[in-house]
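Note that ligands are numbered from 1 as they come in the structure, with each ligand's atoms numbered from 1 the same way. These values consider heavy atoms only, across backbone and side chains, with no hydrogens, waters or symmetry-generated copies.
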Amino acid sequence: MENRNKVELHKISKVFLNGDSCEAAIEEVSLSVKENEFLVLLGPGECGKSVLLNIVAGLMEATSGEVYINGELCGGIHPEVGMVFQELGVLPWLTVRDNVALPEKFRGMSKKDRYAHGQEFIDLVGLHGFEKYYPHQLSGGMKQRVGIARAYASDSDILLMDEPFGKLDAQTRYSMQDEILKIWNQNKKTVIFVTNNIEEAVYLGDRIILFTAAPMSVRRIYDLKDLPRPRNYTDEKFLQIRGEINRHMDLVIQ
Ligand SMILES: Nc1ncnc2c1ncn2[C@@H]1O[C@H](COP(=O)(O)OP(=O)(O)OP(=O)(O)O)[C@@H](O)[C@H]1O
Ligand SMILES: [Mg+2]
């Protein structure tokens, strides 16, 4: 089943009402994501990436268009979809292990079982020893890892990540990129990863979808499955693809 479409968006449009006027945020975006694919959505700031991801997550309604998950029309929050948010990904009043175990708590799993289940993912993101820490005791990168561990620990096969490394310093960002690829390699899921950073997109993606600025629409699709992993920022081929996307990205920023 490696090749079936896990997620499909069909002509998604979103219009916001602003007082008397309408603002088109997304215009007829269609795309599909294969099972276990690492898909990157790349676009300039405020082009509508978070709105689109929220629609896929079922947290926001599209004005028109459909979302299909596992080939079935999806009308809201889907149990197979987990999300790592751009901001406020962790709850400050909960410890690392309680944050990670939160989805299992909602599902009614006992404390003992959900801590045991969550531990595997806390270890996976390198937070062993920090289980009883609160978010304010952690660095920005560690907090993001808590969000990733929670999304991974939940039963979701599909992981939506909204610029999860956007607020991190460059060095932490690079190590988090390696971290997320390591986790994805060990435990494959279908990933939709949003970024406005071309280099990050080329480093991570099996495929990149480049969007135009508002109203957001698909500009180009880059298939990078043949670009070997682990990738290197200074490889000739890497720089060539990066340069090509850069030229097209320049065109979409007004
Ligand atoms: N709930 C809302 N009501 C009205 N307008 C909204 C709402 N949410 C988003 N928008 C508008 O939609 C546009 C796209 O916003 P969005 O947050 O999706 O951008 P983005 O691509 O995620 O940007 P960034 O890279 O800065 O995170 C913006 O112009 C924003 O003002
Ligand atoms: Mg956003």
Side-chain angles (χ1 to χ4, degrees), residues 7 9-31 33 38-67 74-78 81-90 140-141 143-148 150-151 158-170 172-174 176-177 180 191-205 207-222 242 245-246 248-254:
V7 181
L9 308 189
H10 184 68
K11 290 193 175 172
I12 295 286
S13 294
K14 180 72 184 175
V15 176
F16 288 112
L17 292 175
N18 242 339
D20 291 340
S21 65
C22 290
E23 209 172 296
I26 299 176
E27 204 165 69
E28 297 210 338
V29 166
S30 296
L31 57 90
V33 194
F38 201 118
L39 181 78
V40 175
L41 308 184
L42 174 66
E46 288 176 38
C47 78
K49 304 179 296 295
S50 293
V51 170
L52 187 69
L53 215 60
N54 278 309
I55 290 171
V56 178
L59 299 171
M60 200 183 258
E61 236 180 285
T63 307
S64 60
E66 296 90 40
V67 176
C74 182
I77 293 171
H78 193 283
V81 178
M83 177 114 162
V84 180
F85 290 95
Q86 189 166 8
E87 284 167 16
L88 301 172
V90 293
K143 272 185 263 198
Q144 278 298 6
R145 281 189 258 166
V146 175
I148 292 165
R150 179 174 57 208
I158 301 161
L159 208 54
L160 310 179
M161 294 201 231
D162 191 0
E163 298 198 51
F165 312 146
K167 293 239 161 60
L168 307 179
D169 63 273
T172 312
R173 190 170 184 146
Y174 289 138
M176 285 303 296
Q177 290 167 359
I180 197 69
V191 176
I192 305 180
F193 185 104
V194 165
T195 184
N196 58 18
N197 183 297
I198 301 176
E199 195 181 49
E200 181 165 270
V202 180
Y203 192 68
L204 296 177
R207 246 174 351 124
I208 298 173
I209 301 195
L210 176 64
F211 291 101
T212 65
M216 184 192 192
S217 63
V218 175
R219 175 166 190 99
R220 259 181 118 85
I221 299 175
Y222 297 88
R242 190 188 149 175
I245 299 177
N246 197 30
H248 289 285
M249 188 120 167
D250 282 342
L251 291 174
V252 301
I253 300 172
Q254 275 124 36

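- Between Val51 and ligand 1, at least one pair of N/O atoms sits closer than 3.5 Å.
- Applying the 4.0 Å criterion to heavy atoms of Gly45 picks out, from ligand 1, the atoms 23 (O), 25 (O).
- Nearest heavy atoms, Cys22 versus Leu17: SG-CD2, 3.4 Å.
- Residue Glu46 holds the heavy atom nearest to atom 24 (P) of ligand 1 of all those in Met60, Glu46, Met216.
- The environment of CD in Glu61 is sparse: at most 12 heavy-atom neighbours from other residues, nucleotides or ligands sit within 6.0 Å.
- For Gly48, the heavy-atom gap to ligand 1 drops under 4.0 angstrom.
- Compare Ser50, Ala24, Gly166, Ala25 by their heavy atoms: the one nearest to atom 17 (O) of ligand 1 is in Ser50.
- Between the side chains of Thr63 and Ser13, not a single donor N or O lies within less than 3.5 Å of an accepting N or O.
- Contact record, Leu42 with Ala201: CD2-CB, 4.1 Å, taken as the closest heavy-atom pair.
- Within the 4.5 Å cutoff, no side-chain heavy atoms of Leu39 are placed close to those of Val7.
- In terms of N/O distances under 3.5 Å, ligand 1 is approached by Cys47.
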